[in-house]
Amino acid sequence: MLAAAPKAMAHGQIAVEIGTAPECPYGYYDSAPYSCAPYGYYGSEWFTGGVFVGAGPWFHGSDGFRGHVDNRLHVDNGYKGKLPERGEKAEPTNRLDKNDNFKGNETRDGRGHKDAGPKDGDKK
């Protein structure tokens with residue numbers, strides 16, 4: 001009499017290592033390859049005490065965070081201007097807490113998602 005042995009099941013593991021956040025003077029885009037964003041992409045609410053709250057896997061803002069960006073300065077939308085290099089220092093004249101020329105046209109959650117739309121009280 002022959003008996004069939006049950007098939008062995010293989011269990012897989014996936015390890016995702018994100019490493020450290022990119023060191024960029026004005027923040028970095030919230031999607032891979034997480035290139036440094038130019039001055040004016042992020043609104044002032046993305047900075048606390050001059051420190052970027054992060055984006056994508058390194059986001060460390062509140063769960064309900066919504067921040068303004070100028071998506072015309074995103075490479076996925078055709079921006080071809082200069083991007084800062086990782087490790088580059090911010091220009092002293094480029095204030096992170098207030099940018100009078102900021103033209104935010106989109107709201108994002110810090111985790112790579114566009115907000116569904118403006119809510120009462122949102123600023124541009």
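Atom set for the values below is all heavy atoms of this structure, side chains included, hydrogens, waters and symmetry mates excluded.
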Can you tell if the side chain of Pro25 reaches within under 4.5 Å of the side chain of Pro84, non-hydrogen atoms only?
yes
Glu45 and His68: side-chain donor and acceptor closer than 3.5 Å?
yes
Take atom NZ in Lys89; do more than 12 heavy atoms of anything else shown fall under 6.0 Å from it?
no
Separation between SG (Cys24) and CG (Leu83), nearest 0.5 Å, reads 9.5 Å
Between OG1 on residue Thr48 and NE2 on residue His60, distance to nearest 0.5 Å
7.5 Å
Looking at side-chain heavy atoms only, is the closest gap between Asn105 and Arg72 below 4.5 Å?
yes
Tyr26 and its ring-ring contact (aromatic ring centres under 6.0 Å, His included) partner, picked from Phe47, Tyr41, Tyr39, Trp46
Tyr39
Take atom CD of Glu88 as the centre, draw a 6.0 Å sphere, and report whether it contains more than 12 heavy atoms from other residues, nucleotides or ligands.
yes
Are Tyr42 and Phe52 near enough that their ring centres are under 6.0 Å apart?
yes
Heavy-atom closest pair, residues Tyr34 and Pro57:
OH-CD, 3.4 Å
For the pair Glu85 and Ser35, evaluate side chain to side chain contact (heavy atoms under 4.5 Å, CB included) and give the outcome as yes or no after the intermediate values.
CA-CA 8 Å; Glu85 297 291 326; Ser35 301; over 6 Å; no
If only atom types and distance count, is the side chain of Asn99 paired as donor or acceptor with the main-chain N or O of Phe102 below 3.5 Å?
yes
Are the side chains of Arg86 and Cys36 in touch, meaning some heavy atoms are under 4.5 Å apart?
yes
Check: Arg108 main-chain N/O paired with Asp115 side-chain donor or acceptor under 3.5 Å
no
Okay, side chain of Arg111, backbone of Asp30: is any donor-acceptor separation there less than 3.5 Å?
no
Donor-acceptor contact present, side-chain Asp109 to main-chain Phe65, <3.5 Å:
no
Tyr29 side chain near Val75 side chain, heavy-atom distance below 4.5 Å:
yes
With a 6.0 Å cut-off on the ring centroids, do Tyr28 and Trp58 count as close?
yes
Separation of Asn71 CG from Glu106 CD (nearest 0.5 Å):
4.5 Å
